[in-house]
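Worth saying up front: this structure is predicted, and the values here are computed from it rather than measured. Just so it is clear: chains get the letters A, B, ... in the order the sequence lines come, proteins before strands, and each one is counted from 1.
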2 protein chains.
Amino acid sequence: MAGPLTREQILTAAENVLRRYGPDKATVVDVARALGVSHASVYRHVSSKAELRAAVTRRWLTRVHAPVAALRDSTEDPPARLRTWLHTLLAVKRHKVLDDPELFAAYQRLTAEWQDALTATLDGLVDDIAAIVRAGVRDGSFRPVEPTGTARAIFTATLAFHHPSHAATWSDPGTEERLDAVCDLILVGLSPDRHRTVGDER
Amino acid sequence: MAGPLTREQILTAAENVLRRYGPDKATVVDVARALGVSHASVYRHVSSKAELRAAVTRRWLTRVHAPVAALRDSTEDPPARLRTWLHTLLAVKRHKVLDDPELFAAYQRLTAEWQDALTATLDGLVDDIAAIVRAGVRDGSFRPVEPTGTARAIFTATLAFHHPSHAATWSDPGTEERLDAVCDLILVGLSPDRHRTVGDER
DNA sequence: GCGCTGACAGGTTTCAGAATCTGTCAGCCA
DNA sequence: TGGCTGACAGATTCTGAAACCTGTCAGCGC
C-alpha cells in the first residue's frame, strides 16, 4: 500500500468486500484484511461499521445516479424531460439490481434500517425534479405550481419505480407501461392545456 | 368443541395463534393444540402451512378493508370520494399496524413472499377506485379517461400510503399532507376544469 | 508525535447435536 | 364410511459452547 491509509481506500476496499461476501457476511476485519492492515486502523478513519456501510452505500448510490444527474443539461422540453428522467431512474436502478445485486442488497437493507443516512442523496433527486418543474413553470409548459412541494409529490407518486422495496417488480413485464400511466396522470395534472399536452387515447 | 372441525374454526384459531406468537413462532401444531385436536386433523382442511397463513391473512385483510368497502355507498361527489377513499385506506391501515402488529407483520411478510395470494384482495381495491373514476366520468366531474387503467395508475401512485413496506412512515408527522399533495396532483389531472376543482395555492 | 498494532471485554455469529415441525398415511372408532 | 389419531421421514429450528466480530486503548516504531 502506497502512503498512509485514506478514507477513500477504505471505502473502495469495503465496497469490494461487500460485493464479494454480501451485506450479511462482510465484516470490518475483512475490509482490514483486504487492505493489509489491522482492523483498528480502519477504525481510525471510520466511526463504526454502520457508518462505513452508510458511506459506501452513499458513494455507490451517487455513482448509480450519475446518468440521472447528467439529464440536468437536457434540452428536452420539461414534460418530456420529466418523463425521460423518471424512465432513466427506473432503468438505472433496474440495471443495478441485476448488475450488482450484493451492493443493491446492502442499499436495500440500509434503506430499511435508517433511511436518514440517505436523505441527502434522495433530496438531490427531488431537487432534480423540482428543477424540471421550475423550468416548466417558467416556460409555460406547466401551470404555475409550487416546485418543491410538487416535486416531492411526484417523487412519492413514483415510489413504486425507484424505492428499493419494490425492486422485485421492476423486471415484471409492463413496468415501463405502468410508469408511463403514472407519468400521464402527473403530466396532465401539470399541463396548462391538458388536451393538447398528453394524448387521451391511452 | 361442538360438532366437526370447520375451516372457519381453524382460521380463527390460527389468527389467535398468529397474534399470540407472531408470524415467526406460530406453528400448525400450536393451532391444533388451541383447537384440542391433532395437527393431522388440521391438515384435513388445509393443504399447507403457507396456504393457511395466506387464508388467515386474506380474511384479516378483508375485515380490515371493510370501512373502505363501506365507502362504495358514499354520496360524495367523485373527486371528494376519491380523496376520502384514499385517506380512509391510510387511516385503516395505520390503525392496524398499531392495533394488531403481529397480524400486520404476517401480512407484511406474505406480501413480500407471494403477493399472488393477495392479488384478488388488492384487485378489489383497484375496482373500488375504478368505480369512483367511472362515476366521475359519468357525471362530468372527471374528464373521459379509461377507468381501469386510471384506477391502477392511481393505486400505484399512492403505493407509499397503503403498501405495507412503507408502513413505518405512516405514523410520521405530515403523512396526511403528503397524501393530500399526491391527491391534488391526481385530481387536477382528472378534472375537466382544472382551475376550479383544486386550489392552486398549495 | 503520528499512524499503526496487538490485546481485550462484551456481544454476536457459528456449528453440531437434540428437539421440534411439516406433511403423509395406515388404521381406529363412532 | 367419514372424521380423527398416532407414528413416521425429512426438513427446519433450537441450544449451548466455541469461534469470531466490534469497538477501545495503551503502547510500539518510525
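Computed from coordinates, the R33(B) CZ to dT20(C) P distance equals 10 Å when rounded to whole Å. When rounded to the nearest whole Å, the span between OH of Y21(A) and P of dC20(D) equals 14 Å. Between D24(B) atom CG and dC21(C) atom P there is a gap of 14 Å when expressed in whole angstrom units. Residue R7(A) contributes atom CZ, which lies 19 Å from atom C1' of dC4(C) at whole-angstrom precision. Protein atom CG of L5(B) is 14 Å distant from nucleotide atom C1' of dG2(D), rounded to whole Å. Separating the CD atom of E51(A) from the P atom of dT22(D) is a distance of 14 Å, rounded to the nearest angstrom. What separates CG of L35(A) from C1' of dG3(C) is a distance of 15 Å, to the nearest Å. A straight line from CD1 of I10(B) to P of dT22(C) spans 14 Å, rounded to a whole angstrom.
The closest side-chain heavy-atom distance from V182(B) to F161(B) is below 4.5 Å. Taking the side chain as every heavy atom from C-beta outward, V64(B) and H95(B) never approach each other to under 4.5 Å. W60(A) has its side chain within reach of D100(A): a pair of non-hydrogen atoms, C-beta onward, lies under 4.5 Å apart.
Between S41(A) and dC4(C), a side-chain N or O to OP1/OP2 separation shorter than 4.0 Å is absent. For dC21(C), the OP1/OP2 oxygens have no side-chain nitrogen or oxygen of K25(B) closer than 4.0 Å.
Of the candidate nucleotides dC21(D), dG23(D), dC4(C), dC21(D) has the atom lying nearest to any side-chain atom of T27(A). Closest to the side chain of H39(B), out of dT5(C), dG23(C), dT24(D), is dG23(C). Of the candidates dC4(C), dC21(D), dT24(C), the closest approach to any side-chain atom of V29(A) belongs to dC21(D).
To the nearest 0.5 Å, the span separating CZ on R7(A) from CZ on R44(A) amounts to 14.5 Å.
Comparing A26(A) and A40(A) by the nucleotide of DNA chain D that holds the closest heavy atom to each, the one mapping nearer the 5' end is A26(A). Map R44(A) and K49(B) each onto its nearest nucleotide of DNA chain C; the residue landing nearer the 5' end is R44(A).
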Requested in this report: Apply salt bridge (Lys or Arg N to Asp or Glu O under 4.0 Å) to the pair R59(A) and E8(A), showing each step before the final yes or no.
Outcome: CA-CA 10 Å; R59(A) 199 181 68 158; E8(A) 276 304 299; 2.8 Å; yes
